[in-house]
Amino acid sequence: MVGPSRPQFVLFGSSIVQLCFSHGGWGSILSDIYSRKADILLRGYYGWNSRRAVQVLDQVFPKDAPVQPALVIVYFGGNDSMGPHSSGLGPHVPLDEYMENMRKIATHLKSLSDTTRIIFMSCPPVDEIRVSSGTSEFFSEVVRTNELCQIYSNACIKLCQELGVTVVDLFSAFQKRDGWTTACFTDGIHLSEEGSKIVVEEILKVLREAEWVPSLHWKSMPTEFSEDSPYDLVAADGKQTLNPSEWTFHREVHWD
């Protein structure tokens with residue numbers, strides 16, 4: 001590992017996590033916001049459900065690791081909530097098992113460290129028209145509806161309330177935006193840049209309001225190598241340098 005060591009934020013989940021550095025994704029936005037403050041680590045797996053996630057918990061998050069994450073953001077549910085296939089194959093996981101798997105994930109993450117914080121994200125909605133009209137020679141029929149998404153989203157939220165785990169209600173958050181079905185997705189399921197911005201807004205809101213010590217909100221975290229230097233750019237008066245360590249003017253969105 002390169003140094004100095006920074007707090008680690010781990011993004012753990014299915015394709016919405018794996019693809020979060022694509023299309024102006026929420027992972028890339030967080031990496032920009034937390035540059036010089038935290039390392040954003042990607043552990044995303046296209047097509048996975050909670051059943052597969054439970055199988056690798058000890059490998060992705062070993063309890064004896066010398067450094068444990070400061071924050072883990074978890075997303076599983078979209079694939080679990082797909083309608084079951086007649087063959088018995090596929091990503092569908094029955095609701096009761098999904099809740100138990102998410103419970104196992106939360107319990108494991110809580111055991112890593114007293115200072116490891118957890119955010120679960122619930123199942124977002126989908127653009128049913130695009131999903132139902134999309135066909136592929138490679139896939140059997142995909143059954144993905146907002147009725148199922150909402151059921152699994154509500155189950156995730158209920159479980160988090162029971163366990164005392166912070167949860168982001170993506171199912172509700174997306175639908176607050178006008179024209180969300182066309183604006184928030186690249187294909188009806190995976191997130192566009194606009195959809196990712198909603199995810200970032202919700203995550204930052206949690207981090208800003210959480211009473212965690214130390215705070216994990218970006219404005220409250222120390223900036224690496226933030227001291228003044230005579231090697232910085234010289235100010236217009238020609239008498240002093242300008243410290244650029246906190247500059248954010250390059251960002252399209254000035255995040256709170």
Under a 4.5 Å cut-off applied to non-hydrogen side-chain atoms, are Ser15 and His190 in contact?
yes
Do Asp58 and Lys63 sit within salt-bridge range, that is, some charged N less than 4.0 Å from a carboxylate O?
no
Is the side chain of His92 donor-acceptor paired with the backbone N or O of Asp80 at a distance under 3.5 Å, no angle test?
yes
Under 3.5 Å, side chain of Gln68 to main-chain N/O of Pro62, donor-acceptor pair present?
yes
Taking side chain to side chain contact (heavy atoms under 4.5 Å, CB included) as the criterion, tell me which of Thr166, Val167, Ile118, Val74 meets it with Cys160.
Val167
Name of the residue among Ile189, Thr145, Asn146 meeting side chain to side chain contact (heavy atoms under 4.5 Å, CB included) with Val131
Ile189
Less than 4.0 angstrom from a charged side-chain N to a carboxylate O is my criterion; do Glu194 and Arg177 meet it?
yes
Which atoms form the tightest heavy-atom contact between Ile119 and Val168, and what is the distance?
CG2-CG2, 3.9 Å
Check whether Ser31 reaches the backbone of Gly27 with its side chain - one donor and one acceptor, N or O, closer than 3.5 Å.
yes
Please examine the side chains of Tyr231 and Thr241, heavy atoms only from C-beta on, and report whether any two atoms are closer than 4.5 Å.
no
Taking the side chain from Arg208 and the backbone from Trp218, do they hold a donor-acceptor pair closer than 3.5 Å?
no
Aromatic ring pairing Tyr152/Tyr98, orientation class (parallel under 30°, perpendicular over 60°, tilted between):
tilted
Interatomic spacing from CG in Leu170 to SG in Cys123 - rounded to 0.5 Å
8.5 Å
Would you kindly confirm whether Val126 and Ile198 end up in one hydrophobic cluster when ILVMFWY residues are joined by side chain heavy atoms under 4.5 Å apart?
no
Taking the six-membered ring where the residue is Trp, are the ring centres of Phe9 and Tyr34 under 6.0 Å apart?
yes
Are side-chain heavy atoms of Asp232 and Leu242 found at a separation under 4.5 Å?
no
Examine Ile33 and Phe21 and state if one hydrophobic cluster contains both, with Ile, Leu, Val, Met, Phe, Trp and Tyr joined whenever side-chain heavy atoms are less than 4.5 Å apart.
yes
Does any N or O in the side chain of His85 come within less than 3.5 Å of the main-chain N or O of Ser87, such that one atom is a donor and the other an acceptor?
yes
Approximate separation, where rounding is to 0.5 Å, of Thr116 OG1 and Leu71 CG
9.0 Å
Side-chain contact, heavy-atom cut-off 4.5 Å: Arg144 with Asn79?
yes
CZ (Phe174) and OG1 (Thr181) are apart, to the nearest 0.5 Å, by 12.0 Å
So, Phe12 versus Phe61, ring centres under 6.0 angstrom or not?
yes
Closest non-hydrogen atoms of Pro91 and Asn49, given as atom of the first, atom of the second and distance, are O-ND2, 2.9 Å
Cluster overlap Met102 with Val56, hydrophobic side-chain contacts below 4.5 Å
yes
So Leu95 and Ile151, do their side chains get closer than 4.5 Å, heavy atoms only?
yes
Regarding Glu246 and Lys219, does a basic nitrogen lie under 4.0 Å from an acidic carboxylate oxygen?
no
Could you grab the distance from atom NZ of Lys104 to atom CG of Leu109, nearest 0.5 Å is fine?
14.0 Å
Looking at CD of Glu193 and OG of Ser22, how far apart are the two atoms once the value is rounded to the nearest 0.5 Å?
12.0 Å
Val199-Tyr46 co-clustered via ILVMFWY side chain contacts under 4.5 Å:
no
Using atom types as modelled and distance alone, determine if a side-chain donor or acceptor of Ser153 lies under 3.5 Å from a backbone N or O of Cys149.
no
State which residues pass side-chain hydrogen bond (donor to acceptor under 3.5 Å, both in side chains) with Glu147; sequence neighbours excluded, sorted by chain then number.
none
Yes or no on side chain to side chain contact (heavy atoms under 4.5 Å, CB included) for Glu97 and Asn101, after CA distance, side-chain angles and deciding distance?
CA-CA 6 Å; Glu97 183 189 344; Asn101 289 340; 3.6 Å; yes
Shared-cluster residues of Val213, by chain and number - hydrophobic side chains joined below 4.5 Å:
none
Is there a side-chain contact between Arg6 and Lys37, using heavy atoms and a 4.5 Å cut-off?
no
Shortest non-hydrogen separation from Asp256 to His217 and the atoms involved
O-NE2, 3.1 Å
Any salt bridge between Arg103 and Glu100, counting N to O under 4.0 Å?
yes
Considering only heavy atoms from C-beta outward, does the side chain of Arg251 approach that of Thr248 to under 4.5 Å?
yes
Specify the closest pair of heavy atoms between Leu207 and Ser215, including all atoms of both residues, with the distance to one decimal.
O-OG, 4.3 Å
Taking the cut-offs as 6.0 angstrom to the six-membered ring centre and 45 degrees off its axis, would you call Arg43 and Trp48 a cation-pi pair?
no
Step by step, would you call Ile105 with Leu57 a side chain to side chain contact (heavy atoms under 4.5 Å, CB included)?
CA-CA 7 Å; Ile105 293 171; Leu57 276 176; 4.1 Å; yes
Please determine whether side chain to side chain contact (heavy atoms under 4.5 Å, CB included) holds for the pair Phe76 and Met121, giving the CA-CA distance in whole Å, both sets of side-chain angles, and the decisive distance to 0.1 Å.
CA-CA 8 Å; Phe76 290 100; Met121 299 196 302; over 6 Å; no
Leu191 and Ser196 have their tightest heavy-atom pair at CB-OG, 4.0 Å
Listed by chain and number, what are the side-chain hydrogen bond (donor to acceptor under 3.5 Å, both in side chains) partners of Ser28, not counting sequence neighbours?
none
Within the side chain of Glu162, is there an N or O that forms a donor-acceptor pair under 3.5 Å with the backbone of Lys158?
no
Heavy-atom distance under 4.5 Å between the side chains of Leu163 and Lys110, does that happen here?
yes
On a heavy-atom basis, which atom in Ser245 and which in Thr223 lie closest, and how many Å separate them?
O-CG2, 3.7 Å
Would Ile73 and Val10 count as a side chain to side chain contact (heavy atoms under 4.5 Å, CB included) here? Give the steps.
CA-CA 6 Å; Ile73 300 176; Val10 183; over 6 Å; no
Between Ser111 and His108 (side chain of the first, backbone of the second, donor and acceptor by atom type, cut-off under 3.5 Å), is there such a pair?
yes
Rounded to the nearest 0.5 Å, how far apart are CZ of Phe185 and CG of Asp127?
7.0 Å
Look at atom CG of Asp178 and say whether more than 12 heavy atoms of other residues, nucleotides or ligands are closer to it than 6.0 Å.
no
Are Tyr45 and Ile16 grouped together when hydrophobic residues (ILVMFWY) are joined by side-chain heavy atoms under 4.5 angstrom apart?
no
